[in-house]
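A short worksheet on the structure shown next.
Not measured: the values here are computed from a predicted model. Just so it is clear, the values below take in all heavy atoms, side chains as well, and ignore hydrogens, waters and symmetry mates.
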Amino acid sequence: MNDTAAPARMLAVRQETAGGPEVLKLVETDRPVPNVGEVLVRVRAAGVNPVDWKTRARGFYYTGQTPPFGLGYDVSGTVEAVGDGVTVHAPGDEVYGMPRFPHPAGAYAQYVTAPARHFAPRPRGLDHVRAAALPLAALTAWQALVDTAGVSEGQRVLIHAAAGGVGHLAVQIAKARGAYVIGTASTAKHDFLRGLGADELIDYRERDFAEAVADVDVVLEAISGDYPLRSLTTLRPGGTLVSLLPLAEPVLAAARERGVRATRIMVEPDLGGLRGITELVESGRLRTEVATVLPLADAAEAHRLGETGRTTGKIVLSVD
């Protein structure tokens, strides 16, 4: 084979085995080619999420895939090429999205391919790093609060882990819909959350939220343990508990007894949701907090930082 026939190459983070952050390696591999209905995106930045380090340690929980594979879902970049039939994007377009979730996307790389409608135009005024911090966390918050719970004007919304990647975006989305927002977070993060619009804050280490809060319409829960069961006591009749994690049968049974709804959400690629998020960003009602930016080669360090659980906002890999 001559040089002109050789496949294009790229750098990507891959792992050959499950394990700790040290299994993540920067390697050279073939650049993907967009299929029918897909786009090839030159990744400029990739967000890091808890699902990434959980998958690194145990494989893809929902699809059963085991290493070798690449991690990452949050992408901001430039369309390089489009497959047959693609009309929503063209080469040169600046886009962001959460491709292929929960199937492997391999966003910790210089290029990714995915269905064209897994991406939306990057919000005006938002650089690639901040755009890459948005898709998975913002879509999770949007689909939980808007699509699932239908948060509306005047409702009371309790958001657990309010300063986290999903939480700090959920606070803003709920406020944009006219809700009164209550958040749980350590006292050190209260000023940050007030700046995002939170109306009431509870330090979970000093006060029992289940005793401090009542008559809530919607709870967004992302902690598990005894939080779902205790959160049910804060809901008014007809209220909704939306969990980002599986709910045990005792929680579902308790919800039925109390006359409230308890449900679990699995985020999915969503062009309509991305457009709604973009509208909030461009109108100044939604911003993302980026805690740390690291180069692609430092993906292992990004996971180490994320697994401490002490970051405020998101960790992003710069692929440039």
Side-chain angles (χ1 to χ4, degrees), residues 1-15 24-49 52 55 60 63 65 68-136 138-139 267-275 277-278 281-282 293 295-297 299 316-320:
M1 182 179 356
N2 59 38
D3 289 343
T4 59
R9 306 285 282 174
M10 69 172 185
L11 294 175
V13 174
R14 295 285 188 265
Q15 64 181 91
L24 300 179
K25 306 295 182 184
L26 187 66
V27 301
E28 187 179 52
T29 187
D30 290 345
R31 189 176 71 189
V33 177
N35 207 333
V36 174
E38 293 185 343
V39 293
L40 172 69
V41 174
R42 167 67 166 96
V43 180
R44 302 295 181 180
V48 178
N49 294 286
D52 298 345
T55 301
F60 282 87
T63 61
Q65 282 143 301
F69 51 60
L71 297 173
Y73 291 103
D74 280 340
V75 171
S76 182
T78 307
V79 175
E80 278 293 296
V82 300
D84 185 38
V86 173
T87 60
V88 293
H89 302 301
D93 286 353
E94 302 290 317
V95 296
Y96 78 132
M98 183 195 70
R100 301 191 186 279
F101 190 88
H103 301 276
Y108 295 2
Q110 290 179 315
Y111 294 89
V112 296
T113 57
R117 293 176 184 272
H118 288 188
F119 295 97
R122 178 164 57 95
R124 293 188 302 272
L126 209 61
D127 62 23
H128 284 296
V129 165
R130 294 194 175 277
L134 273 173
L136 192 149
L139 281 174
V267 68
E268 57 186 301
D270 178 3
L271 179 56
L274 284 173
R275 287 172 171 164
I277 291 161
T278 296
V281 171
E282 293 183 346
V293 182
L296 182 63
V316 177
L317 299 173
S318 174
V319 186
D320 287 337

To the nearest 0.5 Å, how far apart are [atom1] in [X] and [atom2] in [Y]?
X      : Y      : atom1 : atom2 : result
Asp30  : Arg9   : CG    : CZ    : 4.5 Å
Arg31  : Tyr111 : CZ    : OH    : 5.0 Å
Leu139 : Asp270 : CG    : CG    : 5.5 Å
Leu11  : Glu28  : CG    : CD    : 6.5 Å
Asn49  : Asp74  : CG    : CG    : 4.5 Å
Phe69  : Arg14  : CZ    : CZ    : 10.5 Å

May I have all residue pairs that pass side chain to side chain donor-acceptor pair (under 3.5 Å) and include part of residues 77-92, sequence neighbours excluded? Thr78-Glu94

Output all residues satisfying side-chain contact (heavy atoms from CB on, under 4.5 Å) with Ala131, sequence neighbours left out; order by chain, then residue number.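 By the side-chain contact (heavy atoms from CB on, under 4.5 Å) rule, Ala131 matches Ser76, Tyr96, Arg122, Leu126.
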
With sequence neighbours excluded, what pairs up with Ala133 under the side-chain contact (heavy atoms from CB on, under 4.5 Å) test? Thr288, Val290, Lys314, Val316

Tell me the closest heavy-atom pair linking [X] and [Y], and the distance in Å.
X      : Y      : result
Val39  : Ala116 : CG1-CB, 3.9 Å
Val112 : Ala107 : CG1-CA, 3.7 Å
Ala81  : Pro91  : CA-CG, 4.3 Å
Val319 : Ala46  : CG2-N, 4.3 Å
Pro295 : Leu317 : O-CD2, 3.6 Å
Ala109 : Val43  : O-CB, 3.1 Å

Got a sec, which residues hit side-chain hydrogen bond (donor to acceptor under 3.5 Å, both in side chains) with [X], two or more places apart in sequence or on another chain?
X      : value
Asp93  : none
Gln110 : none
Asp52  : Tyr108
Ser318 : none

Qualifying salt bridge (Lys or Arg N to Asp or Glu O under 4.0 Å) pairs with a residue from residues 105-115, counting only residues at least two apart or across chains: none

Name all pairs fulfilling the salt bridge (Lys or Arg N to Asp or Glu O under 4.0 Å) condition that reach into residues 96-121, sequence neighbours left out, sorted by first residue then second. Glu38-Arg100

For a 4.5 angstrom cut-off between non-hydrogen side-chain atoms, does [X] reach [Y]?
X     : Y      : answer
Phe60 : Pro102 : no
Asn35 : Thr113 : no
Val13 : Lys25  : no
Val75 : Pro135 : no

Please enumerate all residues that pass salt bridge (charged side-chain N to carboxylate O under 4.0 Å, His left out) together with Arg44, with sequence neighbours excluded.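 Salt bridge (charged side-chain N to carboxylate O under 4.0 Å, His left out) check on Arg44 returns Asp320.
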
Could you list the residues that satisfy salt bridge (charged side-chain N to carboxylate O under 4.0 Å, His left out) with Glu282, not counting sequence neighbours?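 Result, salt bridge (charged side-chain N to carboxylate O under 4.0 Å, His left out) vs Glu282: Arg124.
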
Please name all residues satisfying ring-ring contact (aromatic ring centres under 6.0 Å, His included) with Phe101, sequence neighbours left out, ordered by chain then number. Tyr73

Is there a side-chain contact (heavy atoms from CB on, under 4.5 Å) between His118 and Leu271? Walk through the geometry before answering. CA-CA 6 Å; His118 288 188; Leu271 179 56; over 6 Å; no

